[in-house]
Amino acid sequence: MDRTVFVALADVMDDPGARAALEEAFSTVVVATARSDALTELTALGDAVHAAIVGVRERVDARVLEALPQLRVLGSISAGTDHLDLAALADRGVRVITAPGVNAVSVAEHALMMILALAKRALPAHTAVTGGQDRAGVPDLPVELRGRRAGVLGAGATARSLIPLVRALGMEVLVWTRHPRRHPDLRTATLEEIFAGCGVVSVHLPLTPQTRGMVGARLLRLLPPGAFIVNVARKEIIDGDGLRAVVAERPDVRFAIDDFGLAEDGTVAIVGDQGLWSPHIAGVTAQASAAMQDVVIRGVVREITSQRLPSDAAG
């Protein structure tokens, strides 16, 4: 049974269990020589590859799939799927394996960290000390979160993991979801009620055509004085033009975003000192990464061994 799997993330093979599972299920395991070249090396395999394991940096669309006629299983070590053309994958009968919800605690803890860092002026305070200014370098005093209202956009696994954390700080929580009737245990509200009435808003939505640019200037202008926006989902959910406009109008509002390319796309320059950033690491703690890797690899192996490939018949 000749089966080939391509692995875009070289560190997957550092796990003895993952390596053993892949080597047992596949006759050939090809590992990308560099993450930046992963898609080029994958498509170069052509019809030799039957399964692939990628991450959020690999955009697998119809163009990539055209070069991989024998691809049967695609594993993505991620919770989200916005880097995958799911329609094209379905059309070609490729089974997709991801790890939804596995890193929910990781993301929620990161969101909480960002909320606290903004409230307690952690970054300006650190800079003030290292720059020798001490308290004079922190012009805005820290604030308490107890008694404030937090708005959570989304009702999925990461949102539900954050809610008890902020409640433990003495915050009231409102939730926006497209399907409030499915979540009778949550106190839901409209987007307008969230943005007008919450001093903290945390974004926990997938990036879809409906959510892209959903948080624009109209909603941001509703925020109460000194509000915080934390986005541990995807940066594109906040409209760029709206962000630029409101930053200029509202120097009291602070933003925290966890995503790739925030300096390159101009977000850091636009927001300036009103921002706190991290490079898309909210969902990749050591524990979450290991758990997602385990779920995806086991799923890929289970799926490929259940399928009868042309090479099996030939053997």
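By convention here, the first residue in the shown sequence is residue 1. All heavy atoms count here, side chains included; hydrogens, waters and symmetry mates do not.
- One hydrophobic cluster, built from ILVMFWY side chains closer than 4.5 Å, cannot hold both L68 and V73; they sit in different ones.
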Residues 270-277 side chain polar contacts: donor-acceptor under 3.5 Å, at least two apart:
| residue | atom | partner | partner atom | Å |
| --- | --- | --- | --- | --- |
| Q274 | NE2 | R250 | O | 3.1 |
| Q274 | NE2 | V253 | O | 2.7 |

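- Side-chain contact between S161 and V107 is absent, with no heavy-atom pair separated by less than 4.5 Å.
- Every pair passing salt bridge (charged side-chain N to carboxylate O under 4.0 Å, His left out) that includes a residue from residues 255-272 is listed here, sequence neighbours excluded: K235-D265.
- Criterion: ILVMFWY side-chain heavy atoms under 4.5 Å apart, direct or through other members. Under it, I194 and V152 are not part of a common hydrophobic cluster.
- A donor-acceptor pair is defined here as one N or O able to donate and one able to accept, closer than 3.5 Å; such a pair exists between the side chain of D85 and the backbone of A88.
- Atom CD of Q210 has more than 12 neighbouring heavy atoms from other residues, nucleotides or ligands inside a 6.0 Å radius.
- Cluster membership check: I229 does not share its hydrophobic cluster with M113, using side-chain heavy-atom separations under 4.5 Å among Ile, Leu, Val, Met, Phe, Trp and Tyr.
- Closest of all the heavy-atom pairs between A32 and A8 is CB-O, 3.7 Å.
- A heavy-atom distance below 4.5 Å is not found between the side chains of L74 and F6.
- The only option from V284, V232, I115 that meets the side chain to side chain contact (heavy atoms under 4.5 Å, CB included) definition with H110 turns out to be V232.
- Side-chain contact, T188 with H183: no donor N or O sits under 3.5 Å from an acceptor N or O.
- Closest of all the heavy-atom pairs between G197 and R149 is O-CD, 3.3 Å.
- A donor-acceptor contact shorter than 3.5 Å is absent between the side chain of D239 and the backbone of G213.
- Across all their heavy atoms, A34 and E41 have their closest contact at N-OE2, 4.3 Å.
- Counting heavy atoms from C-beta on, the side chains of V7 and L22 come closer than 4.5 Å.
- In terms of modelled atom types and a separation under 3.5 Å, the side chain of T211 and the main chain of M214 share no donor-acceptor contact.
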Test side-chain contact (heavy atoms from CB on, under 4.5 Å) on V203 and V230 and set out the steps.
CA-CA 6 Å; V203 182; V230 172; over 6 Å; no

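- L45 and F26 fall into different hydrophobic clusters, where Ile, Leu, Val, Met, Phe, Trp and Tyr are joined by side-chain heavy atoms under 4.5 Å apart, directly or via other members.
- Residues V5 and H50 have side chains not in contact (no heavy-atom distance under 4.5 Å, counting atoms from C-beta outward).
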Would L207 and L205 count as a side-chain contact (heavy atoms from CB on, under 4.5 Å) here? Give the steps.
CA-CA 6 Å; L207 180 62; L205 297 168; over 6 Å; no

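- Taken from CG in N103 to CD1 in I77, the straight-line distance is 12.0 Å, to the nearest 0.5 Å.
- In plain terms, the two heavy atoms of A108 and L162 that are nearest each other are CB-N, 3.5 Å.
- In terms of heavy-atom proximity, A10 sits nearest to V31 at CA-CG1, 3.7 Å.
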Would L141 and R121 satisfy side-chain contact (heavy atoms from CB on, under 4.5 Å), going step by step from the backbone distance to the final call?
CA-CA 7 Å; L141 291 175; R121 311 294 192 248; over 6 Å; no

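- The existence of a salt bridge linking R72 and E303 is excluded, since no basic side-chain nitrogen approaches an acidic carboxylate oxygen closer than 4.0 Å.
- Not one N or O on the side chain of S289 forms a donor-acceptor pair closer than 3.5 Å with the backbone of A286.
- Taken from CZ in R218 to CZ in F195, the straight-line distance is 9.5 Å, to the nearest 0.5 Å.
- Rounded to the nearest 0.5 Å, atoms OG1 (T98) and NE2 (H83) are 8.5 Å apart.
- Proximity of V200 to V166: side-chain heavy atoms (C-beta onward) are nowhere separated by under 4.5 Å.
- Side-chain contact between R221 and V246 is present, with heavy atoms from C-beta onward closer than 4.5 Å.
- Judged purely by atom type and a 3.5 angstrom limit, S278 has no side-chain atom pairing as donor or acceptor with the backbone of I281.
- The line from CZ of R244 to OG1 of T267 is 9.0 Å long, rounded to the nearest 0.5 Å.
- Using a cutoff of 4.0 Å between basic side-chain nitrogens and carboxylate oxygens, D140 and R254 are scored as salt-bridged.
- Around CZ of R63, the count of heavy atoms belonging to other residues, nucleotides or ligands within 6.0 Å does not exceed 12.
- For the pair R234 and F260, the cation does not sit on the ring face, since its NZ or CZ is not both under 6.0 Å from the ring centre and inside 45° of the axis.
- Counting only N and O atoms by type, the side chains of H204 and S202 include a donor and acceptor under 3.5 Å apart.
- Using a 4.0 Å cut-off between charged side-chain N and carboxylate O, D82 and R59 make no salt bridge.
- Between D15 and R19 there is no salt bridge, since none of the side-chain N atoms of the basic residue sits less than 4.0 Å from a carboxylate O of the acidic one.
- Between V173 and R167 there is a side-chain heavy-atom pair separated by less than 4.5 Å.
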Given the rule in the side-chain contact (heavy atoms from CB on, under 4.5 Å) test, do L84 and S76 qualify, once you have shown the distances and angles that lead to the verdict?
CA-CA 9 Å; L84 307 177; S76 180; 4.1 Å; yes

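- In this structure, D61 contributes its side chain and V64 its backbone to a donor-acceptor pair below 3.5 Å.
- Tracing side-chain contacts under 4.5 Å through hydrophobic residues (I, L, V, M, F, W, Y), one never reaches V96 starting from V296; they form parts of separate clusters.
- For the residue pair Q287/S106, the side-chain donor-acceptor check at 3.5 Å is not satisfied.
- The closest side-chain heavy-atom distance from L186 to W176 is not below 4.5 Å.
- Looking at every heavy atom in both residues, A256 comes nearest to L118 through CB-CD1, 3.9 Å.
- For the atom pair CZ (R92) and CG (L71), the distance works out to 9.5 Å, reported to the nearest 0.5 Å.
- Between L174 atom CG and L191 atom CG the span is 11.5 Å, to the nearest 0.5 Å.
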